[in-house]
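First comes the structure, then the notes that go with it.
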There are 2 protein chains.
Amino acid sequence: MEFSSKLLENAVYEMSQLPGIGKRTALRLVLHLLKQPEERTNLLSEALSKLRNDVNFCKRCNNISDTELCEICSNPKRDASLVCVVEDIRDVMAIENTSQYKGLYHVLGGKISPMEGIGPQDLNIAPLINRVKQGEVQELIFALSSTMEGDTTNFYIYKQLEGLEVTTSTIARGISVGDELEYADEVTLGRSILNRIPFESSIKAG
Amino acid sequence: MEFSSKLLENAVYEMSQLPGIGKRTALRLVLHLLKQPEERTNLLSEALSKLRNDVNFCKRCNNISDTELCEICSNPKRDASLVCVVEDIRDVMAIENTSQYKGLYHVLGGKISPMEGIGPQDLNIAPLINRVKQGEVQELIFALSSTMEGDTTNFYIYKQLEGLEVTTSTIARGISVGDELEYADEVTLGRSILNRIPFESSIKAG
């Protein structure tokens with residue numbers, strides 16, 4: 001792609017560094033900005049650099065927060081004995097959207113992945129163990145994605161917890177509500193049969 | 001979507017103002033930037049605002065350029081008697097990529113579109129007529145997309161040129177090179193039959 005302007009080339013290059021944005025899309029986005037009032041671009045540019053430079057993470061759960069303790073951790077109505085371990089803040093948002101969970105979170109910031117060179121020390125695992133050692137936490141709920149990396153991370157944390165007084169659980173895997181059995185994959189269907197629950201509990205949950 | 005941080009919410013909002021970027025994608029992009037070194041975000045943010053605030057358009061053809069006259073207009077090897085009229089600079093880049101065209105361009109900045117409230121006065125049409133009036137241009141090649149708006153724009157410019165000594169042409173429409181006839185749409189196939197060319201010329205072009 002040949003550009004008639006260095007400024008344009010530079011903006012397109014930087015835009016195309018974002019995941020899933022190729023050179024053509026980057027060009028389309030940048031030209032769109034050029035057609036908009038200058039203010040639009042300046043607002044975007046400021047919002048990004050302000051976030052990146054002033055971003056703060058909750059000192060307890062590692063969720064993004066503008067205050068030292070995030071809204072969830074500082075809410076006295078939440079159950080501090082229950083901690084849900086998630087990969088990133090999108091998972092916190094997804095679980096919060098269900099309005100079904102009243103405990104706290106712990107954001108790891110990723111999963112153990114030898115292939116990508118991510119080891120336990122790159123994740124927010126040590127602070128989690130410390131949190132448990134302080135004694136307030138009674139149950140850890142593992143809510144990582146059920147991939148090889150997710151399972152490895154769960155198991156690593158589980159081993160680190162040995163000797164500590166804490167219950168561990170993982171979120172239920174099974175057929176999505178509303179899905180037809182015949183279209184489900186075998187692994188999910190198999191797990192949902194092995195981990196069947198008493199019919200009475202399903203009535204209560206429904 | 002509930003955000004735990006105003007800074008994050010703001011960055012996601014501004015990002016989601018870009019065309020084709022929804023809230024979820026915006027969140028993914030912003031969280032990606034947060035995982036990268038600060039420099040990455042600052043480079044993007046600076047490149048965008050620098051482009052938007054310092055952008056310059058060639059005073060002859062309206063192409064984006066860092067100099068007063070763009071590289072194409074200031075190249076003495078290009079044929080100044082030939083001007084290709086295009087919608088935006090992406091079209092200039094596409095035609096330049098073919099290495100088949102040695103004339104100059106004129107970038108309109110859009111098409112006449114009553115539905116979107118874009119009239120002739122919103123486009124770079126008057127400077128084009130002036131360019132023709134100055135006498136150097138001998139042929140205008142209309143290379144707008146062949147939609148209702150493109151055809152309207154072509155026709156509007158054509159009427160404005162009445163009485164001026166200039167030839168007008170449009171780029172050829174037809175079946176793409178390498179395409180099978182049976183999969184072509186009727187309009188394109190119909191046009192390519194009506195506008196057939198002598199076999200001898202096709203041998204030279206191929």
Side-chain angles (χ1 to χ4, degrees), chain A residues 1-8 10-15 17-21 24-25 27-58 63-67 70-72 88-90 92-93 96-97 109-110, chain B residues 1-15 17-21 24-25 27-56 58 63-67 70-72 88-90 92-93 96-97 109-110:
Chain A
M1 221 185 260
E2 289 231 0
F3 291 93
S4 54
S5 149
K6 274 277 161 211
L7 288 175
L8 177 67
N10 201 16
V12 169
Y13 172 78
E14 292 299 340
M15 196 63 120
Q17 296 303 297
L18 291 172
I21 308 257
R24 272 166 185 272
T25 308
L27 178 62
R28 189 167 55 83
L29 297 179
V30 167
L31 290 181
H32 170 84
L33 284 174
L34 276 179
K35 282 193 183 172
Q36 302 287 316
E38 277 184 34
E39 200 191 60
R40 197 73 270 152
T41 309
N42 292 337
L43 282 173
L44 170 63
S45 154
E46 271 165 36
L48 289 180
S49 61
K50 216 169 152 53
L51 171 68
R52 190 65 190 87
N53 297 312
D54 299 351
V55 70
N56 183 44
F57 294 93
C58 171
N63 190 5
I64 292 181
S65 165
D66 295 338
T67 46
C70 73
E71 279 176 26
I72 298 172
D88 71 18
I89 73 143
R90 273 181 292 177
V92 174
M93 290 165 76
E96 284 298 288
N97 275 342
Chain B
M1 222 185 262
E2 289 229 1
F3 291 92
S4 56
S5 149
K6 274 277 160 212
L7 289 174
L8 177 67
E9 183 168 8
N10 201 17
V12 169
Y13 172 78
E14 292 299 339
M15 196 64 120
Q17 297 302 299
L18 292 171
I21 308 257
R24 270 165 186 273
T25 308
L27 178 61
R28 189 167 56 84
L29 298 178
V30 167
L31 290 181
H32 171 84
L33 284 174
L34 276 180
K35 282 194 184 172
Q36 302 288 315
E38 277 186 33
E39 201 191 61
R40 196 73 272 149
T41 308
N42 292 336
L43 283 173
L44 170 62
S45 154
E46 270 165 37
L48 289 180
S49 61
K50 217 170 151 55
L51 171 68
R52 189 63 190 88
N53 297 311
D54 300 352
V55 69
N56 183 43
C58 171
N63 191 4
I64 292 181
S65 165
D66 295 338
T67 47
C70 73
E71 278 175 26
I72 299 172
D88 73 18
I89 73 144
R90 273 181 292 177
V92 174
M93 290 165 76
E96 283 299 287
N97 274 343

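The analysis underlying the following values was restricted to heavy atoms, covering all of them including side chains, and did not include hydrogens, waters or symmetry mates. Lettering follows sequence order; numbering is per chain, from 1. Here the structure is a predicted model, which means the values were calculated and not measured.
Looking at B:Leu51 and A:Glu14, their side chains never come closer than 4.5 Å, going by heavy atoms from C-beta outward.
Between the side chain of A:Ser4 and the backbone N or O of B:Ile64 there is at least one donor-acceptor pair closer than 3.5 Å.
One finds the CD atom of B:Gln36 at 9.0 Å from the CG atom of A:Leu18 (value rounded to the nearest 0.5 Å). Taking CG of A:Asp66 as the start and CZ of B:Phe3 as the end, the distance is 12.0 Å to the nearest 0.5 Å. Between the CZ atom of A:Arg28 and the CG atom of B:Asp88 there is a distance of 12.0 Å, given to the nearest 0.5 Å. Atom OG in B:Ser45 sits 9.0 Å away from atom CG in A:Asn42 (nearest 0.5 Å). Considering CG of A:Asn56 and CG of B:Leu8, their distance stands at 12.5 Å, rounded to 0.5 Å. Rounded to the nearest 0.5 Å, atoms CZ (B:Arg52) and CG (A:Leu44) are 12.5 Å apart.
Both the backbone and the side chain of B:Asn10 come within contact range of chain A, judged by heavy atoms closer than 4.5 Å. Contact annotation for B:Ile72: neither backbone nor side-chain heavy atoms come within less than 4.5 Å of a heavy atom of chain A. Using a 4.5 Å cut-off between heavy atoms, A:Gln17 touches chain B through backbone and side chain atoms alike. With a threshold of 4.5 angstrom between heavy atoms, B:Leu31 approaches chain A through side-chain atoms but not through N, CA, C or O. Both the backbone and the side chain of B:Glu38 come within contact range of chain A, each with at least one heavy atom under 4.5 Å from a heavy atom of that chain. Using a 4.5 Å cut-off between heavy atoms, B:Leu34 touches chain A through backbone and side chain atoms alike. Heavy atoms closer than 4.5 Å to chain A are found in both the backbone and the side chain of B:Asp54. For chain B, the nearby part of A:Leu27 is the side chain; its heavy atoms alone come within less than 4.5 Å.
Per-residue heavy-atom pair counts under 4.5 Å with chain B were compared for A:Lys50, A:Glu46, A:Arg90, A:Arg24, and the maximum is reached by A:Arg90. The residue among B:Ile21, B:Leu48, B:Val92 with the most heavy atom pairs within less than 4.5 Å of chain A is B:Leu48. No other option in A:Val30, A:Asn63, A:Val12 has as many heavy-atom pairs under 4.5 Å with chain B as A:Asn63. Among the candidates A:Val55, A:Thr25, A:Asn97, A:Leu33, the residue making the largest number of heavy-atom pairs closer than 4.5 Å to chain B is A:Leu33.
Sparse packing is recorded around CD of A:Glu71, with 12 or fewer heavy atoms of other residues, nucleotides or ligands lying under 6.0 Å away.
Closest approach of B:Pro19 to A:Leu29, counting heavy atoms only: O-CD2, 3.5 Å.
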